[in-house]
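Counting starts at 1 for both ligands and their atoms, following the listed order. Keep in mind that the numbers below use all heavy atoms, side chains included, and drop hydrogens, waters and symmetry copies.
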Amino acid sequence: MLNMKLKERLALAVSAFLVLFTLMLIVDLQMDYGIAGHRTPLHGRVKIGDDEDKGRSAYIEFRKRFLQKSNGSNGSREYELSAPSETSGGGADAEPRTPAPPADKYEDLQEILRDQAHGRAEDHAVIIPPHRDLNVLRPENPTIGDMEDLEPRYLSVNASNLEKFQLKIAQHELYEESETLVDAVIKDMATLPIIHAEQKEGGTQLKLIIDYPNGIQALFKPMRFARDVQTLPNHFYFSDYERHNAEIAAFHLDRILGFRRAMPVVGRVLNMTTEIYDVTEGDILKTFFVSPANNFCFHGKCSYYCDTGHAICGNPDMLEGSFAAFLPSSDLAERKVWRHPWRRSYHKRRKAQWELQSDYCDTVRTTPPYDSGRRLLDLMDMSIFDFLTGNMDRHHYETFKMFGNESFTLHLDQGRAFGKAFHDELSILAPLLQCCIVRHTTLQTLLKFHNGIPLSKHLRESMRVDPVSPILWEPHLVALDRRVVIILDAIRKCVDKADNPMQGEVNDFV
Ligand SMILES: Nc1ncnc2c1ncn2[C@@H]1O[C@H](COP(=O)(O)OP(=O)(O)OP(=O)(O)O)[C@@H](O)[C@H]1O
Ligand SMILES: [Mn+2]
């Protein structure tokens with residue numbers, strides 16, 4: 001009798017544990033840090049723990065198989081080039097290279113696009129046609145101004161360009177393709193007098209909130225390195241410094257790719273005395289000093305990199321930085337913060353779930369809000385965007401609450417992009433490789449650059465107008481064209497696999 005009870009209890013305990021474990025997984029996926037109002041700073045910190053990863057190194061496995069297959073179909077193309085040195089010569093203005101015309105025009109993918117454009121193909125497992133894509137259909141596309149009934153104010157002559165821009169942010173994009181306010185906002189941030197500077201709370205690295213007249217604000221990230229300084233080889237993604245020029249370049253790239261999910265960013269050189277020291281107050285003032293090289297420096301107060309050893313120094317008191325147009329205040333448009341399903345572990349030994357579970361995408365795509373609408377496709381775009389820039393730091397993403405789940409994902413925080421010009425980090429493409437789905441429009445854009453004027457050329461041209469141009473070291477631009485080909489290869493493999501399911505896996509992580 002007692003025996004039976006014990007067994008029953010054991011069975012009960014095991015089932016309860018299983019139910020709890022499953023719940024934990026689902027909650028983990030949906031976890032919304034925005035509601036709680038406080039976020040755990042996930043990165044910049046190396047946790048000390050010794051739960052050694054027992055799983056197989058899924059990423060290495062994937063990489064090996066992916067590369068093997070790719071090499072087969074692409075002859076001599078190399079995926080990883082060795083960096084000549086940590087900071088190679090040449091500098092930011094090294095000679096632009098024009099890539100050779102592509103040997104492979106991806107006719108197979110082009111044909112699918114043509115069929116879809118002519119309504120000949122109903123549905124496709126991999127390439128989502130425009131008539132199934134809410135970002136194209138946009139049955140409704142209200143702006144923040146519409147939602148908040150602020151139209152009259154927005155039309156008022158007193159409103160700043162940024163205020164007008166913010167009220168025109170729509171459900172499906174930050175700004176329209178032809179929006180002239182983008183240039184106006186950029187010009188304001190680059191030229192208006194700075195009347196106040198204050199350190200932004202939170203985050204791991206120093207940022208300032210810059211005030212201009214008329215209520216205009218920008219988020220300032222300071223320059224730390226020359227353009228050709230790359231991520232240190234022994235540094236993890238989470239201990240990498242932020243690069244102000246990555247923020248500028250990423251904004252231009254996001255716009256060129258037609259996403260329009262990144263706020264406008266511009267470069268500017270500040271006088272640290274008159275444009276920071278004289279217009280700030282409080283504790284930050286105590287962190288200013290003159291370095292042994294006679295440069296004016298400060299380090300501010302923050303959780304990880306705010307000490308004398310990580311100070312930001314002028315030359316001798318002129319400091320370059322990026323200025324990102326400020327998002328609407330939470331009073332006007334509250335944002336929701338989502339944990340990225342493919343976030344990394346932010347731990348030097350631990351792996352994330354997606355690196356260990358071969359059918360991870362099946363879990364994601366059946367969990368709201370990824371099970372319907374545009375969200376999963378937005379994450380695919382983000383994975384492509386981040387792979388192009390080499391940004392491994394996508395731990396969270398944000399959306400505007402008022403638009404609900406059927407709204408675009410903001411491309412915020414690209415400070416850790418453009419760190420390695422000679423290395424293509426395939427794991428950033430994991431969402432695309434594991435889910436094997438992509439927007440028709442995104443594929444079309446990539447093919448346009450691959451077969452026409454290269455992406456590097458568009459980006460170089462677009463960034464030329466920035467006050468602190470050149471923005472990117474040439475090898476980073478060269479990397480973009482190389483990475484477009486890798487993405488196209490990945491999509492082709494997905495299509496081939498969908499056509500011939502017996503052919504083997506594209507993304508055997510485990
Ligand atoms: N343009 C912007 N305007 C207003 N707020 C912004 C803007 N860009 C980012 N933020 C907010 O500031 C927070 C920190 O910015 P960001 O992520 O770029 O800096 P970070 O130092 O990398 O921070 P973290 O360490 O949290 O990643 C973001 O999570 C976002 O909510
Ligand atoms: Mn960050």
Region of Leu219 engaging ligand 1 - heavy atom pairs below 4.0 Å = side chain
request  = With heavy atoms only and a cut-off of under 4.0 Å, state how Arg416 meets ligand 1: side chain, backbone, both or neither.
outcome  = neither
task = Compute the minimum heavy-atom distance from Gly415 to ligand 1 and say whether it is under 4.0 Å.
result = no
request  = Give a yes/no on ligand 1: does Glu242 have at least one heavy atom closer than 4.0 angstrom to it?
outcome  = yes
request  = Look at the SG atom of Cys436 and the SG atom of Cys361, then say if they are under 2.5 Å from each other.
outcome  = no
ask   = What N, O or S atom of Asp413 is found closest to the Mn ion (ligand 2)?
value = OD2
key: Carboxylate-amine/guanidinium proximity below 4.0 Å for Asp240 and Arg416   = no
Can you name the atoms of ligand 1, numbered from 1 with element, that are less than 4.0 Å from a heavy atom of [X]?
X: Glu398; result: 28 (C), 29 (O), 30 (C), 31 (O)
X: Gln205; result: 21 (O)
X: Phe326; result: 3 (N), 4 (C)
X: His395; result: 27 (O)

query = Donor-acceptor pair, Arg268 side chain versus Met189 backbone, under 3.5 Å?
reply = yes
